[in-house]
Number of protein chains: 2
Amino acid sequence: MNSKKKLRKAGLRATKQRIVVADILFNGQHRHFTAEDLQSEIIKIGKHMSLATIYNCLKSFRDLGVIKQVESLSETAVFDTNVEYHHHFMNEETGELIDIKPSEINLSKLPKIPEGYSQSGLDVIIKLRKNS
Amino acid sequence: MNSKKKLRKAGLRATKQRIVVADILFNGQHRHFTAEDLQSEIIKIGKHMSLATIYNCLKSFRDLGVIKQVESLSETAVFDTNVEYHHHFMNEETGELIDIKPSEINLSKLPKIPEGYSQSGLDVIIKLRKNS
DNA sequence: AAGTAGTTTAGAATGATTTTAAAGTAATTT
DNA sequence: AAATTACTTTAAAATCATTCTAAACTACTT
């Protein structure tokens, strides 16, 4: 099934722009990218698309669940007076953080570190939603 | 030891502004805060301090190691075509991400979720640095 | 008390993202 | 196939967090 049909099926208008983005993204291989990465690629294949459109498109694809936005704790810099190694709970709505002591998490198995690199940190973030 | 002495000992000039910030931050209780949170508190106690100064001050305290900047993946939005639950390696210098399959991490013990909340997500980020 | 080097500051600059509102277009209806 | 309508795209302006600039200031040294 081509991108046009998939978009229609998902309830989105099959605009030229969305088709271009879908054709780039869903080629079978997973990838991480920013809005600007995508714009560069679009330019590389001789097309043009405004950044606003790219943001709009990525947002609708994300809401549809066909891509994921990688979690970032907050869009503003957050500081912590606790300088010991620890993890965090994060309230998804407010961004509020609560410390988690390392002893409360057991990370008994970790993946092999890629060749040529060393581990320089490890963060666990448990996201919370208020019960309704 | 008061803030003035502590700053001097750390090799930082004991400016009025740094003393105010240190007095607010190092009162024995840990906390998470943004530059603006801090400015609001400073205004609340009848003082004034420019945001640039607050950023400068937090940066020097961070470099000194007396506060920590909570990790954020990247300052720009990153998207991922892999919508399955998974974790990430992150190259600290470039921000580049590599997927980690959940089966490669064993999280056998997790902390108790705070009263009134439910877990809505869990992310593990392993930071990498290139070997020298 | 004077010197100097690090600091503070307002305001400008930057960079990512969103908004605005006008022009365009996909899908529907005629 | 043309007309309609509602959703989209877009350039440009706006916004927000953060950094930079460069002039005024001040902590510490001499």
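Just so we're on the same page: letters track the sequence lines, and every chain starts at 1.
Checking D/dA17, D/dT10, C/dT8 against the side-chain heavy atoms of B/Asn56 singles out C/dT8 as nearest. Checked against D/dA11, D/dT19, D/dT8, the side chain of A/His48 finds its nearest nucleotide in D/dA11.
With respect to B/Asp37 and B/Arg31, no salt bridge is recorded, no charged nitrogen being found less than 4.0 Å from a carboxylate O. Note on B/Glu71 versus B/Lys127: salt bridge recorded, some NZ/NE/NH1/NH2 to OD/OE distance being below 4.0 Å.
In this structure, CD1 in B/Ile54 is found 5.0 Å from CG in B/Leu38, a value given to the nearest 0.5 Å.
Residues B/Leu12 and B/Ser50 each lie close to DNA chain C; by heavy-atom proximity, the contact nearer the 5' end of the strand is made by B/Leu12. In this structure, B/Ala52 and A/Lys59 both approach DNA chain C, and ranking their closest nucleotides by distance from the 5' end singles out B/Ala52. Sequence order on DNA chain D of the closest nucleotides to B/Thr34 and B/Arg13 puts B/Thr34 first from the 5' end.
Looking at heavy-atom distances under 4.0 Å, B/Ala35 makes no contact with the nucleic acid at all. B/Thr53 comes within 4.0 angstrom of a nucleotide base, judged by non-hydrogen atoms across all strands.
Going from atom CG of A/Leu51 over to atom P of C/dG15 covers 13 Å, rounded to whole Å. The distance between atom CG of B/Asp37 and atom C1' of D/dA17, rounded to the nearest whole Å, is 13 Å. Separating the CE atom of B/Met49 from the P atom of C/dA10 is a distance of 11 Å, rounded to the nearest angstrom. The CG atom of B/Leu58 sits 14 Å away from the P atom of C/dT7 (whole-angstrom rounding). Nucleotide C/dT18 holds its P atom 13 Å from the CD atom of A/Glu36, rounded to whole Å. Across the protein-nucleic acid pair, A/Lys4 atom NZ and C/dA27 atom C1' stand 11 Å apart, rounded to whole Å. Regarding B/Leu38, its CG atom lies at a distance of 13 Å from the P atom of C/dT8, rounded to whole Å. For the pair B/Ile42 CD1 and C/dT8 C1', the interatomic distance rounds to 13 Å; values are reported in whole Å.
Side-chain nitrogen and oxygen atoms of B/Lys16 include none within less than 4.0 Å of the OP1 or OP2 phosphate oxygen of D/dC25. At D/dT10, one or more side-chain N or O atoms of A/Gln17 fall inside 4.0 Å of OP1 or OP2 (strictly under the cut-off). At C/dT8, one or more side-chain N or O atoms of B/Thr15 fall inside 4.0 Å of OP1 or OP2 (strictly under the cut-off).
Using a 4.5 Å heavy-atom threshold, the side chains of B/Ile105 and A/Pro111 count as touching.
Taking the six-membered ring wherever Trp is involved, the centroid distance between the rings of B/His87 and B/Phe89 does not fall below 6.0 Å.
Donor-acceptor pairing under 3.5 Å, judged by distance alone, is absent between the side chain of A/Arg8 and the base of C/dA27.
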